[in-house]
Amino acid sequence: MTTERNESAAKGRLDTVKHAAATPEAEQPWKELGLKEDEYARIREILGRRPTGAELAMYSVMWSEHCSYKSSKVHLKQFGEKVPVNDAMLVGIGENAGVVDVGQGYAVTFKVESHNHPSYIEPYQGAATGVGGIVRDILAMGARPVAVVDPLRFGAADHPDTRRVLPGVVAGIGGYGNCLGLPNIGGEVVFDACYQGNPLVNAGCIGVMKHEDIHLAKASGTGNKVILYGARTGGDGIGGVSVLASETFESTGPAKRPAVQVGDPFQEKLLIECTLEIFREKLVAGIQDLGGAGLSCATSELASAGSGGMRVELDTVPLRDSSLSPEEILMSESQERMCAIVEPQYVERFMAICEKWDVIATDIGEVTEGSQLEIFWHGEQIVDVPPRSVAHEGPTYNRPYARPDWQDALQADDANKLPRPATSGELREQVLRLVASPNQASKAWITDQYDRFVQGNTVLAMPEDAGMVRIDEESNLGVTMATDGNGRFAKLDPYAGAQLALAEAYRNVATTGAKPLAISDCLNFGSPEDPAVMWQFAEATRGLADGCLELGTPVTGGNVSLYNQTGDAAIHPTPVVAVLGVIDDVNRRTPMAFAEEGQLLYLLGDTREELGGSAWSQVVHDHLGGVPPRVDLGREKLLAEILISASRDGMIDAAHDLSDGGLIQAVTESCLRGGKGARLIVPDGLSAFTFLFSESAGRAVVSIPRSEELRFNDMCGARGLPVTRIGVVDGDEIEVQGEFSIALSELKSAHEATVPGLFA
Amino acid sequence: MARVVVDVMLKPEILDPQGQAVQRALPRLGFDGIADVRQGKRFELEVDGPVDDAALARINELAETFLANTVIENFTVKVEEEK
Amino acid sequence: MARVVVDVMLKPEILDPQGQAVQRALPRLGFDGIADVRQGKRFELEVDGPVDDAALARINELAETFLANTVIENFTVKVEEEK
Amino acid sequence: MTARIGVVTFPGTLDDRDALRAVRIAGAEPVSLWHRDKGIQQVDAVVLAGGFSYGDYLRAGAISRFSPVMGTIIEQAKAGLPVLGICNGFQILTESHLLPGAMLRNNHLHFICRDQKLRVENAETAWTADYTAGQEISVPLKNIDGRYVADERVLDELEAEGRVAFRYLDGNPNGSLRDIAGVTNAAGNVVGLMPHPEHAVEPLIGTGRTDGIGFFSSILKKLVNA
Ligand SMILES: Nc1ncnc2c1ncn2[C@@H]1O[C@H](COP(=O)(O)OP(=O)(O)O)[C@@H](O)[C@H]1O
Ligand SMILES: [Mg+2]
């Protein structure tokens with residue numbers, strides 16, 4: 001019955017270009033496909049006729065918010081305008097992922113993407129295919145993927161639905177990433193009620209290549225073949241277009257197609273190995289992964305970036321479900337597929353490599369002399385469009401934005417005025433509550449579900465400040481990545497919040513001894529149609545662009561995820577920033593563990609009374625108000641320089657950055673990691689409370705051998721970084737002199753029991 | 001005690017990598033003549049008390065909300081045997 | 001084309017943590033009266049040609065050597081329907 | 001003269017590069033073997049590395065067992081070829097019936113990645129001679145189907161014959177019966193274990209220990225002295 005439909009379609013009911021030209025008045029379901037009236041009118045204007053069903057399908061997905069960035073583009077422009085002088089950039093924004101030079105002839109590409117919505121509907125598969133998608137992006141740049149990271153946000157830790165979503169998401173990320181053989185070296189897990197109906201599942205990947213291996217997504221060279229390879233195409237992820245199919249094909253329309261895709265990590269692993277072998281033999285002229293919008297996106301982007309046109313015989317696409325209509329094939333988001341442009345003389349070899357890896361590969365068309373993207377179905381033309389108009393010339397909106405009227409009241413509700421612990425006993429009790437709270441507690445139960453050792457190059461991974469992998473076994477060159485984003489800070493002040501996210505990730509990278517080079521981001525926000533959300537977005541992007549300019553770390557690419565809201569309630573604005581760093585010799589890396597009894601603890605940076613948006617205000621008072629900690633990017637840069645020099649010169653044995661939870665959180669983590677206690681002295685001029693809980697930015701704590709104390713102090717003094725000796729590594733408890741002490745064993749069980757208690 | 005079996009299979013239009021892996025292996029094992037393989041889950045529930053309409057309705061609900069994710073899976077419920 | 005179903009279940013003496021996890025979740029979901037849950041696999045094979053004794057014998061062999069690991073699992077084979 | 005040690009790559013094998021590196025670090029000559037080839041290039045020993053061969057669909061190791069290379073390896077292992085199965089490799093060896101028992105989903109149902117303490121119970125196999133019986137080592141563990149089971153009779157037999165080669169210490173990570181982390185065949189040439197010694201061969205990488213190198217140095221000595 002299914003082939004019958006296709007045959008009858010081929011016999012005349014197919015909406016061909018000719019038919020479209022002849023029937024200008026035919027009704028089309030543009031509205032159901034999410035297009036606005038003026039957008040539909042523009043398509044008609046571009047084509048000089050009504051679009052065919054297939055063309056309408058392509059425009060509707062490619063002009064969607066997700067693919068066209070129509071609401072965010074005007075703001076993202078800044079990342080290309082406020083570019084810091086940084087000679088590491090090899091490929092900038094606009095490609096599948098940016099590429100930076102890390103020295104010794106190596107280049108690194110990295111990117112973070114969101115898979116938020118699918119992960120709420122089907123946590124396992126949603127998260128799994130999120131990993132799959134970002135890995136293909138990196139692969140498409142010509143790089144071998146070497147590590148993944150996964151910044152995650154969930155609803156309240158104790159909400160019953162979080163019990164459904166979190167274990168599924170974690171199993172999905174692990175199930176897919178572990179099976180690909182990519183070590184998971186970092187990420188975040190944050191709980192907040194604002195994410196209840198809208199968890200954030202961001203996934204990032206790092207890839208490594210030699211400079212000469214960079215591949216770009218373009219189709220040029222008349223006569224070159226378009227080869228689709230990987231999984232067969234099925235009806236996944238094309239929910240919306242089935243409307244179109246059933247309109248076009250009357251009553252025999254297929255059942256509603258699922259909006260969720262199922263991933264096959266095994267197939268992806270084969271795709272990776274196969275593609276890398278193809279790269280090694282230099283067989284491709286251009287390459288593109290198939291992600292959102294599937295073939296529509298891959299063909300239009302490849303053609304748009306190339307010099308000529310492209311002709312595709314859509315009926316040659318290998319299918320898993322023979323009932324798919326041409327529109328559906330164009331839109332299908334079936335996973336684990338890639339599209340390559342191959343010179344005719346290399347096709348045979350290309351096919352042989354695919355055969356070796358059991359990967360199906362099909363010649364589906366070729367690069368043509370013209371300038372149009374032309375798609376045929378059993379010999380009849382169903383698409384004839386200028387590819388740029390689909391891929392790059394979608395609508396752009398300058399949506400109205402306005403500082404929300406509640407922002408002032410929120411900032412006026414000052415967290416510094418919240419009641420503080422009155423006694424040492426209360427202070428002690430609040431420390432224990434803090435380190436046991438879901439956001440500050442150990443995430444080992446989660447991260448232990450990820451393989452962090454595979455490939456045998458992992459130098460640092462969770463719970464270290466940043467992940468680090470060796471990329472050259474001879475020279476010990478390594479790369480580092482940290483991701484951060486604090487939605488609470490961003491809610492209080494989106495401009496500062498974005499800069500704090502950047503500063504924290506930057507600091508985390510530097511803490512390990514690596515030099516921060518460049519960033520990628522994943523901007524998770526509510527509906528752009530809400531002026532308050534749009535203001536948050538505008539402020540956050542402005543903050544991030546300004547911050548990158550000042551820190552000298554360009555934005556190499558990223559991802560925007562809008563409409564993260566439940567009803568009218570938007571999530572906290574959540575810009576997640578991934579900073580990539582490089583270290584010449586991984587032997588010099590600085591770990592976080594306080595492991596050497598007798599070493600001195602120094603606090604670097606200034607501690608002010610800054611509790612707005614802090615973990616303390618959340619855990620003890622369930623409060624969000626005031627302003628976030630002050631941002632001083634000049635100071636962040638100086639701190640980073642000190643941490644990097646100290647690691648290079650072997651002055652420090654351990655370091656840990658200070659962020660949410662403040663000093664006591666950082667010291668607890670480093671002591672537990674090293675299995676040693678610490679005696680702390682409250683510095684003059686600070687209350688014990690502020691010393692322990694303030695979240696002032698630009699700080700880190702380091703452990704220094706006594707023999708290096710003088711040299712270290714001299715270096716900091718000479719460069720003007722305030723440092724304070726705050727104690728010593730000692731014993732098996734954390735003691736805050738004159739206040740309280742807590743046995744490591746008690747801290748350990750408080751810190752480690754929470755997450756398994758909730759989810760195991 | 002009665003046994004109720006809930007079979008959960010991926011919807012036909014959804015990719016079934018497990019079933020495909022089995023199918024692809026068959027020729028190598030010298031088996032042919034099998035056009036398609038799908039792999040799903042089988043749950044055997046031992047039910048206390050009688051499996052009346054009310055009990056079956058509840059098991060259907062259980063299957064729908066918990067044992068299967070109906071976004072991607074179909075299920076069937078059947079009473080297997082009385083012991 | 002006929003469908004043959006192979007059900008594979010862990011042997012009764014082998015711990016089935018998946019079944020147990022389902023069972024443990026039931027009270028939380030407000031279900032009771034289910035004494036035991038076991039989870040296994042269901043394979044649906046679409047067979048070309050007739051499912052005669054010879055074909056069934058071969059599928060039995062397939063199940064025994066491949067679909068099930070008889071160190072830990074039992075299986076059953078049944079013809080389901082003719083289409 | 002050094003020994004040539006082959007590492008098989010199946011589709012979905014992940015730790016093959018790591019195993020080749022470990023072989024090299026130990027001083028032997030690493031040789032890549034391909035699942036579709038029947039020949040094994042006259043290697044002196046074979047490592048079946050970790051990963052998810054064929055996606056671990058159906059059961060871990062169930063599909064790989066039927067590959068051409070395994071046909072040869074099964075035959076030669078029975079004739080004495082030293083074979084080490086790590087993680088997925090161990091699963092392939094049980095599916096191939098070169099080692100007794102079977103591997104099942106971990107009792108907690110999750111993938112688990114951690115530093116795992118083990119006791120070497122049998123230091124007389126081809127792959128453990130550089131350890132001493134009772135020695136405690138730590139190597140990374142990472143799997144989801146790591147629960148070793150066999151029936152009581154088989155387990156008793158293994159214990160009696162000293163064929164439990166490794167046991168988990170400080171907590172059984174997956175519900176394996178009698179804390180079994182690895183076993184050997186009666187001849188001592190075929191050894192399988194779930195934890196990953198090939199990830200513990202360099203001081204800076206992974207958990208920062210080198211407790212795993214002994215597997216590779218053991219076999220090298222045995223082959224070179226033979
Ligand atoms: N979802 C996750 N995936 C991988 N690693 C994670 C994840 N969540 C947290 N981690 C790791 O756990 C450690 C602690 O996380 P976090 O407290 O957020 O670090 P920080 O505050 O330094 O940014 C880090 O090494 C981080 O990379
Ligand atoms: Mg940190």
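So you know, we letter chains A, B, ... as the sequences are listed, proteins then strands, and number each from 1.
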Could I get the full list of salt bridge (Lys or Arg N to Asp or Glu O under 4.0 Å) partners for D/Asp130, not counting sequence neighbours? D/Lys221
Once salt bridge (Lys or Arg N to Asp or Glu O under 4.0 Å) is applied, do any residues pair with A/Arg588, and if so which ones, sequence neighbours excluded?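 Not a single residue meets the salt bridge (Lys or Arg N to Asp or Glu O under 4.0 Å) criterion with A/Arg588.
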If I take atom [atom1] from residue [X] and atom [atom2] from residue [Y], how far apart are they, to the nearest 0.5 angstrom?
X: D/Asn143; Y: A/Asn178; atom1: CG; atom2: CG; result: 10.0 Å
X: D/Leu14; Y: A/Asp451; atom1: CG; atom2: CG; result: 7.5 Å
X: A/Phe453; Y: D/Ile205; atom1: CZ; atom2: CD1; result: 11.0 Å
X: D/Tyr54; Y: A/Phe266; atom1: OH; atom2: CZ; result: 6.5 Å

Quick one: which residues of residues 16-23 of chain D reach chain A at under 4.5 angstrom, heavy atoms only?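 The stretch touches chain A at D/Arg17, D/Asp18, D/Arg21.
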What I want to check is whether the side chains of D/Tyr57 and A/Asp264 have a donor and an acceptor closer together than 3.5 Å. yes
Top contributor to chain A interface from D/Gly206, D/Ala200, D/Gly208, D/Gly51 [non-hydrogen pairs under 4.5 Å]: D/Gly206
Between A/Trp357 and D/Trp34, what is the ring plane arrangement, given parallel below 30°, perpendicular above 60°, and tilted in between?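 A/Trp357 and D/Trp34: perpendicular rings.
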Going by the angle between their ring planes, with limits at 30° and 60°, are A/Trp445 and D/His110 parallel, tilted or perpendicular?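 Ring orientation of A/Trp445 relative to D/His110: perpendicular.
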Among A/Glu473, A/Lys269, A/Arg589, which residue has the highest count of heavy-atom pairs closer than 4.5 Å to chain D?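 Most heavy-atom pairs under 4.5 Å with chain D: A/Glu473.
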For chain D, which of A/Met468, A/Lys356, A/Glu273 has the most heavy-atom pairs under 4.5 Å?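 Maximum pair count with chain D is reached by A/Lys356.
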Going through the distances and angles, do D/Arg114 and A/Asp448 end up as a salt bridge (charged side-chain N to carboxylate O under 4.0 Å, His left out)? CA-CA 6 Å; D/Arg114 74 177 198 198; A/Asp448 281 356; over 6 Å; no
Are side-chain heavy atoms of A/Arg470 and D/Glu202 found at a separation under 4.5 Å? yes
Which atoms of A/Leu180 approach chain D - backbone, side chain, both or neither, heavy atom under 4.5 Å: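 Only the backbone of A/Leu180 comes within 4.5 Å of chain D.
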Contacting region of A/Asn587 [heavy-atom separation from chain D under 4.5 Å]: both
Tell me, which pairs form a ring pair (Phe, Tyr, Trp, His ring centres under 6.0 Å) where one or both residues lie in residues 165-187 of chain A, sequence neighbours left out?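 For residues 165-187 of chain A, and leaving out neighbouring residues, there are no ring pair (Phe, Tyr, Trp, His ring centres under 6.0 Å) pairs at all.
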Check whether more than 12 heavy atoms from other residues, nucleotides or ligands sit under 6.0 Å from atom NZ of D/Lys222, and answer yes or no. no
Surrounding CZ of D/Arg178 (heavy atoms of other residues, nucleotides or ligands, distance under 6.0 Å), is the total greater than 12? yes
What heavy-atom pair brings D/Gly55 and A/Cys179 nearest, and what distance separates the two atoms? CA-SG, 4.4 Å
Can you say whether D/Thr207 sits under 4.5 Å from chain A via the side chain, the backbone, both, or neither, judging by heavy atoms? both
Let me see the working for D/Lys142 and A/Val454 under side-chain contact (heavy atoms from CB on, under 4.5 Å), right down to the final yes or no. CA-CA 9 Å; D/Lys142 43 180 205 125; A/Val454 64; 3.5 Å; yes
